[in-house]
Each structure stands twice: as C-alpha cells, then as structure tokens.
**Q** 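Below is the structure I would like to discuss, written out as structure tokens.
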Amino acid sequence: METKPPLPPFTEETAAQKVRMAEDAWNSRDPDRVVQVYAENTIWRNRAEFPVGRKQVHEFLQRKWAKELEYRLIKELWAATGNRIAVRFAYEWHDHAGNWFRSYGNENWEFNEFGLMQRRFASINDLPIKPEQRLFHWPSGRRPDEHPGLNELGL
C-alpha cells in the first residue's frame, strides 16, 4: 500500500506540513496530481456535491478548474488531533465572463493509517470582488514562501 507522509497521528508541525502540501498540489490545478493524496474510496462533501472515490474526485476537479480560472489558493492549519486536520482557506478566481471572486471556506480532513485522505468535508462561500481587490498575485503554481498567508492578509 502506498503511503503519503506525514502520517497520523499528527503533531502541529506535521499537520501544518500536510496542509502546505495540499495547498501546493491544489495550486498546480492538476487533477492527476491532486487525486493521488486521496484514498481510493475517499468520501467528500464539497458545497452541494458528494463525490465518492478517486474517479469522481478527479471528474469534480476537472469541472472545478474549467470554471474557476486563474485559481490561487492559500490554506491554513486551524487544528489537528490524531488522524484529523481542520483547515481554513481562501482562494481567488474568475469566471469565463471575467468576474472575480474570493472564496472562503473550512475543511475537515480524516486520514487513514497510510496518510491518504479518506474523508473531506468542505464548506465554501463566494464573495464577488473587483480586480483591484485581489490579494493573490503570484505566478500560477505554488505560492511563494515569502507571500503572506491568510492571517497576514487579514483574511
């Protein structure tokens, strides 16, 4: 069985590492890369969608990034215990009409003993913003280490 370290039980340090690794993967906008950290039988709730298994998660991510253009995400560890991690996040994106949004949310993650996410529950709200209100300006891909996080940005 493949493993995705760090493995539970999580410390604050290993949970923060897991969160940053997830942020980096999602900022790649590559469904093939992202699904590799989820268990084959992963169960999700994402807004009003309930994908089950890597195949459905992959299809979900393809739809997501076809709609949410120039996606840039920041995640932050909220809490961790045992095999569970709570995360808050914000991401910016625009639709095909050029309308910009900042989406805010919380996620609860549960991992199996191999470090693969077996359950993910996400609650997300979208706030329309003007282009000049954008705060996430790094080039597409990984957020640079020197870029402020959510707390530093007042989010």
Side-chain angles (χ1 to χ4, degrees), residues 4-6 8-38 42-51 57-111 115-155:
K4 292 292 181 185
F10 297 110
T11 64
E12 186 171 341
E13 181 182 331
T14 61
Q17 181 183 3
K18 199 79 156 175
V19 170
R20 181 58 194 239
M21 291 167 65
E23 176 187 315
D24 292 349
W26 280 65
N27 275 326
S28 75
R29 296 179 290 198
D30 178 356
D32 294 331
R33 175 181 173 190
V34 173
V35 298
Q36 297 307 309
V37 302
Y38 299 101
T42 191
I43 298 170
W44 280 28
R45 178 183 50 76
N46 194 97
R47 300 180 193 254
E49 292 194 55
F50 298 84
V57 167
H58 189 275
E59 292 165 354
F60 166 85
L61 293 169
Q62 287 178 311
R63 288 190 310 276
K64 173 184 180 62
W65 290 317
K67 173 189 170 195
E68 296 176 355
L69 308 175
E70 295 192 54
Y71 175 97
R72 285 170 180 74
L73 165 74
I74 300 176
K75 289 184 182 281
E76 178 182 279
L77 174 65
W78 188 255
T81 185
N83 69 334
R84 293 180 174 170
I85 298 175
V87 175
R88 71 185 198 100
F89 63 86
Y91 63 90
E92 293 179 349
W93 60 282
H94 70 82
D95 61 18
H96 286 280
N99 301 303
W100 280 94
F101 299 87
R102 184 173 305 123
S103 299
Y104 296 94
N106 300 293
E107 294 176 292
N108 294 309
W109 301 343
E110 182 181 78
F111 294 85
L116 296 168
M117 195 182 301
Q118 58 191 10
R119 295 197 304 169
R120 175 185 176 268
F121 304 109
S123 298
I124 307 167
N125 300 297
D126 300 319
L127 175 69
I129 60 173
K130 297 177 181 167
E132 59 271 17
Q133 294 175 298
R134 292 181 54 222
L135 299 172
F136 303 177
H137 295 285
W138 65 87
S140 181
R142 186 179 194 277
R143 175 174 56 101
D145 291 335
E146 65 275 4
H147 190 284
L150 297 177
N151 285 331
E152 294 84 5
L153 292 169
L155 301 175

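Computed from heavy atoms alone, side chains included, the values below leave out hydrogens, waters and symmetry copies.
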**Q** For the pair Glu76 and Arg88, find out whether any cationic side-chain nitrogen is under 4.0 Å from an anionic carboxylate oxygen.
**A** yes
**Q** Rounded to the nearest 0.5 Å, what's the gap from NZ on Lys64 to CD on Glu49? Could you check?
**A** 9.5 Å
**Q** When Trp44 is tested against each of Phe50, Phe60, Phe121 for ring pair (Phe, Tyr, Trp, His ring centres under 6.0 Å), which residue passes?
**A** Phe60
**Q** Please give me the minimum heavy-atom distance between Ala25 and Val34, naming the atom from each residue.
**A** O-CG2, 3.3 Å
**Q** Over all heavy atoms of both residues, which pair between Pro131 and Trp100 is shortest? Give the atoms and the distance, please.
**A** CG-CD1, 3.7 Å
**Q** Please report the interatomic distance CZ(Arg142) to CG(Asp24), rounded to the nearest 0.5 Å.
**A**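 Going from CZ on Arg142 over to CG on Asp24, the span is 4.0 Å.
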**Q** Does Trp78 CH2 have over 12 foreign heavy atoms under 6.0 Å away?
**A**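 Open: at most 12 neighbouring heavy atoms sit under 6.0 Å from CH2 of Trp78.
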**Q** CD of Gln118 to CD1 of Ile43: how many Å apart, nearest 0.5 Å?
**A**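 The CD atom of Gln118 sits 8.0 Å away from the CD1 atom of Ile43.
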**Q** Grab the two heavy atoms, one from Ala86 and one from Asn108, that are nearest each other, plus how far apart they are.
**A**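 Minimum heavy-atom contact is CB-OD1, 3.7 Å.
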**Q** Is the number of heavy atoms from other residues, nucleotides or ligands within 6.0 Å of CD (Glu12) greater than 12?
**A**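 No, the 6.0 Å shell around CD holds no more than 12 heavy atoms from other groups.
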**Q** Kindly indicate whether the side chain of Arg63, heavy atoms from C-beta on, has any atom under 4.5 Å from the side chain of Glu59.
**A**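 Answer yes - side chains close enough.
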**Q** Pick one: which of Tyr91, Trp93, Phe136 meets ring pair (Phe, Tyr, Trp, His ring centres under 6.0 Å) with Tyr71?
**A**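 The ring pair (Phe, Tyr, Trp, His ring centres under 6.0 Å) with Tyr71 is passed solely by Tyr91 among Tyr91, Trp93, Phe136.
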**Q** Relative to each other, are the rings of Trp65 and Trp26 parallel, tilted or perpendicular (30° and 60° limits)?
**A**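 Trp65 vs Trp26 ring planes: perpendicular.
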**Q** When you compare the side chains of Asn46 and Arg120, does any donor N or O come within less than 3.5 Å of an acceptor on the partner?
**A**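 Present: a donor and an acceptor within the cut-off.
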**Q** Minimum heavy-atom separation for Ala122 to Glu107, with atom names?
**A**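 That closest heavy-atom pairing would be CB-CG, 4.0 Å.
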**Q** So which heavy atom on Leu77 is nearest to which on Ala16, and how close?
**A** CD2-N, 3.9 Å
**Q** Charged N to carboxylate O under 4.0 angstrom, Arg119 versus Glu110?
**A** yes
**Q** To the nearest 0.5 Å, how far apart are OH in Tyr104 and CD1 in Ile124?
**A** 13.5 Å
**Q** Within a radius of less than 6.0 Å around CD of Gln36, do more than 12 heavy atoms belonging to other residues, nucleotides or ligands occur?
**A** yes
**Q** Does His96 use its side chain to pair, donor to acceptor, with the backbone of Ala66 at less than 3.5 Å?
**A** yes
**Q** According to side-chain hydrogen bond (donor to acceptor under 3.5 Å, both in side chains), who are the partners of Asp95, at least two apart in sequence or on a separate chain?
**A** Asn99
**Q** Between atom CG of Leu73 and atom OG of Ser103, what is the distance when rounded to the nearest 0.5 Å?
**A** 10.0 Å
**Q** Applying the side chain to side chain donor-acceptor pair (under 3.5 Å) test to Glu92, which of Arg102, Arg72, Gln133 qualifies?
**A** Arg102
**Q** Should Asp126 and Arg47 be marked as a salt bridge (Lys or Arg N to Asp or Glu O under 4.0 Å) after you check the CA-CA gap, both sets of side-chain angles, and the distance that decides it?
**A** CA-CA 11 Å; Asp126 300 319; Arg47 300 180 193 254; 2.8 Å; yes
**Q** According to the interplanar angle, ranging from 0 to 90°, do the rings of Trp109 and Phe111 count as parallel (below 30°), tilted (30 to 60°) or perpendicular (above 60°)?
**A** perpendicular
**Q** Would you please test Arg20 and Asp145 for side chain to side chain contact (heavy atoms under 4.5 Å, CB included) and show each step?
**A** CA-CA 10 Å; Arg20 181 58 194 239; Asp145 291 335; 3.7 Å; yes
**Q** Taking ring pair (Phe, Tyr, Trp, His ring centres under 6.0 Å) as the definition, give me every residue that meets it alongside His147, ordered by chain and number, with sequence neighbours left out.
**A** Trp138
**Q** Decide side chain to side chain contact (heavy atoms under 4.5 Å, CB included) for Leu155 and Ile74; before the verdict, give the C-alpha distance in whole Å, the side-chain angles of both, and the deciding distance to 0.1 Å.
**A** CA-CA 10 Å; Leu155 301 175; Ile74 300 176; 6.0 Å; no
**Q** Looking at Lys4 and Met117, would you say the former's side chain and the latter's main chain have a donor-acceptor pair under 3.5 Å?
**A**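 Between the backbone of Met117 and the side chain of Lys4 there is no qualifying donor-acceptor contact (under 3.5 Å).
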**Q** What's the spacing between Leu135 CG and Ile129 CD1 if we round to 0.5 Å?
**A** 7.0 Å
**Q** Return the minimal non-hydrogen interatomic distance between Ala80 and Phe10, and the atom names on each side.
**A**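 For Ala80 and Phe10, the tightest heavy-atom pair comes out as CB-CB, 4.5 Å.
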